[in-house]
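Heads up, the thing below is written out as structure tokens.
Both counts, for ligands and for their atoms, begin at 1 and track the order of listing.
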Amino acid sequence: MTTYPMIHLSGINKTYQGGAPLHVLKGIDLDIQRGELVSIMGASGSGKSTLLNVLGILDTYDTGEYWLDGTLIKNLSENKAAEYRNHMIGFIFQSFNLIPFKNALENAALPLFYQGVSRRKRNMLAMEYLDKLGLKDWAHHMPNEMSGGQKQRVAIARALITKPQLILADEPTGALDSKTSGEVMQLLRDLHQQENLTIVIVTHDPHVSEQTERTIIIKDGLITPQHD
Ligand code: ADP
Ligand code: MG
């Protein structure tokens with residue numbers, strides 16, 4: 001049995017260079033356990049996306065240590081970073097980030113393309129996930145023919161298709177009305193329960209954070225100590 005957390009951050013610092021240096025993360029200490037559903041809240045510009053990008057190995061940090069599933073994530077080659085991203089992590093973004101000239105099925109299947117999975121197998125799995133998310137009849141529709149909620153469900157299918165252990169979502173409901181936002185949150189909660197996924201959601205919406213098990217507050221580049 002593994003005893004280490006899914007995510008362990010200690011003393012993470014990050015400064016953006018170029019122009020005036022901006023010290024955004026000022027010694028972040030944070031553990032997130034396997035199977036947790038947590039939210040990260042904080043004012044605009046407080047470093048939420050920066051932190052999520054570090055967690056997703058989309059960006060590097062300067063000092064400290066980031067351990068993901070027991071592996072130290074530091075000084076990785078771009079190949080190694082891509083390998084961890086493609087196999088361990090699913091991403092969901094506020095603006096969905098679907099490819100506009102590909103249909104729902106092709107968008108959902110995209111991570112498998114990067115893994116070198118055959119077209120037939122990709123399409124079969126993508127259809128399975130679209131079906132799971134209630135989008136079977138929309139498989140051959142283009143993103144511009146779909147509502148915001150439908151597009152985000154395609155993006156969720158795309159995030160899940162590689163069976164990642166960790167889902168990172170940056171303002172996943174930020175572009176949705178409150179009813180659709182509630183539906184997307186319910187979906188994430190169901191997935192968390194059914195698949196025991198670890199899910200980290202950045203949000204500024206208290207209705208979203210209320211639906212998570214724990215809210216992490218980032219302020220002035222630090223995580224506010226928790227009382228729980
Ligand atoms: P949040 O997601 O909480 O709104 P961000 O992590 O996006 O905050 O940004 C934190 C701070 O870092 C902001 O002041 C932002 O302008 C700055 N910042 C973000 N990305 C970059 C970058 N690539 N280069 C320089 N500054 C950046
Ligand atoms: Mg942000």
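- No hydrogens or angles considered: nothing links the side chains of Glu83 and Asn79 as a donor-acceptor pair under 3.5 Å.
- Residue Ile201 is tested with Asp170, Ile167, Ile92, Leu188 for a side-chain contact (heavy atoms from CB on, under 4.5 Å); the sole match is Leu188.
- Taking atom 7 (O) of ligand 1 as the reference point, the nearest protein heavy-atom neighbour is Ser49 CB, 3.6 Å.
- With a 6.0 Å radius and a threshold of 12 heavy atoms from other residues, nucleotides or ligands, Lys74 has its NZ atom above the threshold.
- For atom 11 (C) of ligand 1, the nearest non-hydrogen atom of the protein is Gly45 O, 3.7 Å.
- Grouping the Ile, Leu, Val, Met, Phe, Trp and Tyr side chains by contacts below 4.5 angstrom, directly or via other members, places Met6 with Leu51.
- The option with the heavy atom closest to atom 5 (P) of ligand 1, from among Thr15, Leu25, Val202, Thr50, is Thr50.
- Residue contact annotation: Ser49 places an N/O/S atom under 2.8 Å from the Mg ion (ligand 2).
- Applying the 4.0 Å criterion to heavy atoms of Leu22 picks out, from ligand 1, the atoms 11 (C), 12 (O), 14 (O), 17 (C).
- Taking a distance limit of 4.0 Å, we find that atom 16 (O) of ligand 1 is approached by no protein heavy atom.
- Nearest non-hydrogen protein atom to atom 24 (N) of ligand 1 is Tyr16 CD2, 3.5 Å.
- By the 4.0 Å heavy-atom criterion, Ala43 is counted among the residues contacting ligand 1.
- Linking Ile, Leu, Val, Met, Phe, Trp and Tyr residues whenever their side-chain heavy atoms come within less than 4.5 Å places Ile57 and Val202 in a single cluster.
- Ligand 1 places these atoms under 4.0 Å from at least one heavy atom of Ser44: 4 (O).
- The closest side-chain heavy-atom distance from Tyr61 to Tyr66 is below 4.5 Å.
- Proximity of Gly42 to ligand 1 is not established, as no heavy-atom distance is less than 4.0 Å.
- You'll find the side chain of Met41 reaches within 4.5 Å of the side chain of Pro206, heavy atoms only.
- A 6.0 Å sphere centred on NE2 of His23 holds more than 12 heavy atoms belonging to other residues, nucleotides or ligands.
- For the 3.5 Å distance criterion, the side chains of Asn97 and Ser95 qualify, holding a donor opposite an acceptor.
- By the criterion of a heavy-atom distance under 4.0 Å, the side chain of Val24, and not its backbone, is placed next to ligand 1.
- For atom 8 (O) of ligand 1, the choice among Gly221, Gly47, Gly19 with the nearest heavy atom turns out to be Gly47.
- Residue contacts with ligand 1, taken as heavy atom pairs separated by less than 4.0 Å, do not involve Ile218 at all.
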